[in-house]
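Structure first, commentary second.
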Amino acid sequence: MSSVFDVLEEQAMRRRIEERRYAIGVDLGATNIRVAIGDEEGRLLRKKEERTEVHLGQDALSQQISRMIEDVVGKEYAIEDLRGIGIGSIGPLDPKRGAILKAANIPFDFVPLVQPLMRRFDLPVYLINDCTTAVIGEKTFGAGRHLDNLVYITISTGIGGGAYVDNHALMGKDNNAAEIGHFMVDMEQRMECGCGRRGHWEAYCSGRNIPRYVRMLLDETPVSEKKGSELVEGVNPKDLTSKMIFDAGKKKDPLALKFLNRIGELNAIGFSDVTTAYDPSLITVGGTVALINDDLVLQPIRKNMERFSINRVPDIMITPLGEDIVLYGAVAMVFNPPV
Ligand SMILES: [Zn+2]
């Protein structure tokens, strides 16, 4: 039984934690880890980025994150000033055990994160998937601050999303409430997705898959139409990259624009399915493909939304938080844990 002194001690401890001004945010991707120290006003005070060490053992990731946290805290700040650690991570996650499970690109079935970091720093640690973390960042510090219904969509190596509905971040039974990259957009199911199913949005429109989809479209295009296009002249189709396709589009290459419009139509199907499912007032968009090619990505979506969407079409914009959006969300979840 706890004595009155224990209770007082615990209250004092809680008060001390609540008075702490800083939080650690972690953006854990398959390629890079980014760590920042931030405050409750949404200032990221110091950041650090490293390649993700995925091959050195299942404990290597938590050790790498611990070291990066010590680096951003440095001499200027102190662990005693930290309220907690928020992690926005690639999945799939095991939220109960605080770990990553069998993620693509990580050669281990179980990578513990929450327990090792809690033990190392004696702080609360929160772990949520990266896109839900991003929408928490948008809601707390970005364009969604005054909105109850908001979706964030990333178009990057893959496609993912996070949703706020009626002022709640949607989680789902396995934290997968907005796995929108695997929405079906092609009933003919021509392209295979990284998840092994066919016809999923990400299989056509993500940075990794755009070149594969464009190669298929090129195979269906008559030679006369291909003549003179930057996508064909002097290019081995195997070497096509998303960047080459968007760059050709920026130079008004007609074939590139035609294909980007096809990709845009599929994006519009995905965005209108999102609108039908979550009924947001605003969709913000991030991820490298969208951040670098904003107009070429967003224009065909805006143009086609009315055709596909039954719900009132939301505003669609590039996120003002840019590539830091997951870090913002990871810091925000420490000050205001969503669950
Ligand atoms: Zn899929």
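For ligands, and for the atoms within them, numbers begin at 1 and follow the listed sequence.
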request  = Consider only side-chain N and O atoms of Asn209 and Tyr204, and report whether a donor and an acceptor are under 3.5 Å apart.
outcome  =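 The criterion, which ignores hydrogens and geometry beyond distance, is not satisfied for Tyr204 and Asn209.
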query = In terms of side-chain geometry, is the basic nitrogen of Arg67 or Glu53 positioned less than 4.0 Å from the acidic oxygen of its partner?
reply =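 Yes.
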request  = Please determine if Glu138 and Arg145 form a salt bridge, counting it only when a charged side-chain N lies under 4.0 Å from a carboxylate O.
outcome  =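 Arg145 and Glu138: not salt-bridged.
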task = Using a cut-off of 6.0 Å, state whether more than 12 heavy atoms not belonging to Glu233 lie near its atom CD.
result =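 Yes, the 6.0 Å shell around CD holds more than 12 heavy atoms from other groups.
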key: Under-2.8 Å protein N/O/S neighbours of the Zn ion (ligand 1), ordered by chain then residue number   =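 Near the Zn ion (ligand 1), below 2.8 Å, one finds His182 ND1, Cys193 SG, Cys195 SG, His200 ND1.
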task = Determine, stepwise, if the pair Arg83 / Glu40 fulfils salt bridge (Lys or Arg N to Asp or Glu O under 4.0 Å).
result = CA-CA 10 Å; Arg83 180 119 30 128; Glu40 205 165 0; 3.7 Å; yes
key: Heavy-atom donor-acceptor pair, Asp253 side chain to Leu257 backbone, under 3.5 Å   =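 Between the backbone of Leu257 and the side chain of Asp253 there is no qualifying donor-acceptor contact (under 3.5 Å).
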